[in-house]
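Just dropping this structure here.
The analysis underlying the following values was restricted to heavy atoms, covering all of them including side chains, and did not include hydrogens, waters or symmetry mates.
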There are 2 protein chains.
Amino acid sequence: MNIGEIAKRAGVSRSTVSYALSGKRSVSEETRRKIQQVIDELGYIPNASARALANGRTSTIGLVFPPAGSHYTGMQLDFIGSVVEAAAAYDYDVLLSPSGVDSDRSFQRLLAERRVDGAILMEIRLQDDRVDHLVEADFPAVCIGRTAHPEGDWWVGLDHTALVEACVHHLADLGHTHVAFVNRPEHLLRSGYESAHRGLEGFNKAAAERGLTTRTYTCGDDAASGQGCLERILQDDPATTGLVTLNEAALGGLYRGLAVAGRHVPRDFSVTGVVAGRWAETVTPQLTAADVPAEQMGRLAVDLLVERLDHPDAAPRHHLLTPPISLRASTGPAHGRTTRD
Amino acid sequence: MNIGEIAKRAGVSRSTVSYALSGKRSVSEETRRKIQQVIDELGYIPNASARALANGRTSTIGLVFPPAGSHYTGMQLDFIGSVVEAAAAYDYDVLLSPSGVDSDRSFQRLLAERRVDGAILMEIRLQDDRVDHLVEADFPAVCIGRTAHPEGDWWVGLDHTALVEACVHHLADLGHTHVAFVNRPEHLLRSGYESAHRGLEGFNKAAAERGLTTRTYTCGDDAASGQGCLERILQDDPATTGLVTLNEAALGGLYRGLAVAGRHVPRDFSVTGVVAGRWAETVTPQLTAADVPAEQMGRLAVDLLVERLDHPDAAPRHHLLTPPISLRASTGPAHGRTTRD
DNA sequence: CACGGTCATCGAACCGGTTCGATTCCAGGG
DNA sequence: CCCTGGAATCGAACCGGTTCGATGACCGTG
């Protein structure tokens, strides 16, 4: 069951078995066959801990994401799935590490315990002490998302600013003048969560350019909050005829709020935003949205990390994605009873 | 950075440092303080691989779930999240292992490489060679779901049969006579996927008891398939006024199909099934459903696994859950234009 | 005072791999 | 025929922890 046992049964030394397996030195065809035969018989597979200890590589990458408690969004699910799949293709395993802020013990441990060769971070904040620490320690990591100053980092991100701008322009082009923005929860915005900030920035910029009347909201990551948020929107400004959202989990609630208020989508009210495609398609009418290419992003993150692990001195690389808006069925021209003002 | 370095600076032997850390032998208060001081200064944290090699425990559990490619459902997401969280509470890390069938190399490796102390399996099939292998190898594992003969296994599962029966009875009590069952995708049913089989069984049993006219369908795990499935249902039997589903991901599509067909929920058509609560609440009207307590199940699975790891000889334990139906807004009495037959 | 027991500590062995340097054997070149 | 060099293999050291047995100091007891 261990390499010594294999060596004994094959009548060779442990090092010869090791070389036969790794191919790092030549081994005669005959002994190689003999060793392989013994290995097959016993179903021997080398112990990962021992191997990691000896050569300093664990063949594992850490996926760092915020602590549960709060629920995960569908997008996070897609990231996790695609990261695991992409990592498997490179023969890497994935260790999940729930960890919010840097002070978190489990984050410190992940690095110091050397359980992983590198890490992929999700849910990046503009000022992110986790990223700072990783950079400082020169630990191989790739962010899904980017900080305020990502120059020296490796990352793959979405241009939330441009995406939300595009959404606003889309609504403005359709003639909407009173538009709301439904952001992620307030505590995320406050803690500097990237997409919430950059999205908001894009919204304000484009709205100013187009001279729109706007209001912005934060909204909990669940249907009930979405419904409540929509009530507030119509109460604050009944003339509102469109909204842009980043909040996938609230989407169902927003739709329900509109239904309850008797606003038909898209006739009376247009909805758009930045949402993973498969979720945009579950609501009726299907959401016109910039589809978050979560799968591609997860894959790219792994590609970058593997490249960084293979070439420790490579210059930082990144991918900034700007997926187009998929026109589905949730937006339409502003007209009818809600635009009389 | 390693234990020898700490020992040197503290002026003691490596073993003393180890004992000071583990507390397995007594160490004088004075040396303990000295050692702790050095450790704090250098920020020393023991290497996980070395520790695992020496004492045979990795403090990691494997979470085995089906290969990606196919998309994940929201329920799977909830399981992953709750398992990670619960494991963290016991100081275990979670290693994700995508692996479908047993022949899968990565599944073999997970065990033989000794990367994990135990495993939690998701997506159990009635005949599951993964489970067979684990039992045979006496490897500590807990299933989320149960096989056809789970007697010797450790598992936490849902009584899908009873749950679906309850849904059928609920519809029958409301006067529905023509009812459809929307199952998970056909390939899952064919491969013996537990919930698909037991759910179907419960549906047929209860429908027979109540003398209902029924049809059963398999449906892809996405909105488009759900919509297509609903079209078929109404085409096959326009008198259908209710459906029961296990297919969370298709739910949005089912609703859309009903809207397209002009059937109002719940006035003209009742929808119910077995779905995680947070997803049941995103659709409008909110789904009356047996809420899958995914969070609780993940936590229980970890509890069981930890117990099994701590007491290798303990007798198999399990939890069979039967959550009640949450009455929300998607079911109502059978009447009106669709019940004229 | 000799003896037995506890406390504190150390050195050495071990976990299961990888890797370096040395050794042996053999073929080819001068 | 001797020398050189590459192929094949082995033993030993090492990775960074844990744990066992031994040792010496110190204590109380008969």
Just N and O in the side chain of Thr31(A): are any of them under 4.0 Å from OP1 or OP2 of dT9(D)?
yes
Are any of Ser18(B)'s side-chain N or O atoms less than 4.0 Å away from OP1 or OP2 of dT18(D)?
yes
Kindly say whether, by distance alone, the side chain of Tyr19(A) makes a donor-acceptor pair under 3.5 Å with the base of dC20(C)?
yes
With DNA chain C as reference, determine whether Ser26(B) or Lys24(A) sits nearer its 5' end, using the nearest nucleotide of each.
Ser26(B)
Rounded to the nearest Å, what distance is computed from the CG atom of residue Asn2(B) to the C1' atom of nucleotide dC15(D)?
9 Å
Specify the residue among Leu53(B) and Val27(B) whose closest nucleotide of DNA chain C lies further upstream toward the 5′ end.
Val27(B)
What I want to find out is whether Glu29(B) reaches Arg32(B) closely enough, with some N-O distance under 4.0 Å, to be called a salt bridge.
yes
Give a yes-or-no answer on whether the side chains of Thr60(B) and Arg115(A) include a donor-acceptor pair shorter than 3.5 Å.
yes
Could you give the CE-to-C1' distance, from Met1(B) to dG16(D), as a whole number of Å?
13 Å
Selection from dG16(C), dT9(C), dC10(D) that lies nearest to any side-chain heavy atom of Arg14(A):
dG16(C)
Rounded distance in Å - CZ (Arg32(B)) to P (dC7(C))
13 Å
Closest listed nucleotide, where the reference is the side chain of Ser13(B) and the choices are dC10(D), dT19(D), dG11(C)
dG11(C)
Look at the side chain of Arg51(A) and decide which nucleotide, out of dC10(C), dT18(C), dT19(C), has an atom nearest to it.
dT18(C)
Are Ile80(B) and Leu96(A) close enough that some pair of their side-chain heavy atoms sits under 4.5 Å apart?
yes
How close or far is atom C1' of dG17(C) from atom OH of Tyr44(A), stated in whole angstroms?
7 Å
Go through it in stages, so that I can follow the logic: the residues are Gln108(B) and Glu113(B), the test is side chain to side chain donor-acceptor pair (under 3.5 Å), and I'd like the CA-CA distance, side-chain angles, deciding distance and then a yes or no.
CA-CA 8 Å; Gln108(B) 302 278 26; Glu113(B) 286 189 336; over 6 Å; no
When the distance from CZ of Arg33(B) to C1' of dA8(C) is rounded to whole Å, what number comes out?
15 Å
Per atom distances to the Ser15(B) side chain, the nearest of dC10(C), dT9(D), dG17(C) is dC10(C)
Contact class for Ser49(A) vs. all strands (heavy atom < 4.0 Å): base, sugar-phosphate, or nothing?
nothing
Name the nucleic acid region contacted by Ser28(B), choosing base, sugar-phosphate or nothing; use a 4.0 angstrom heavy-atom cut-off, strictly under.
sugar-phosphate
Integer-rounded Å distance: dG11(D) C1' and Arg25(A) CZ:
12 Å
Atom pair distance, as rounded to whole Å: CD in Glu30(A) and P in dT9(D)
8 Å
Could you state the CG-C1' distance from Asn55(A) to dC15(C), rounded to the nearest angstrom?
16 Å
Ser28(B) and Thr31(B) side chains, donor-acceptor separation under 3.5 Å
yes
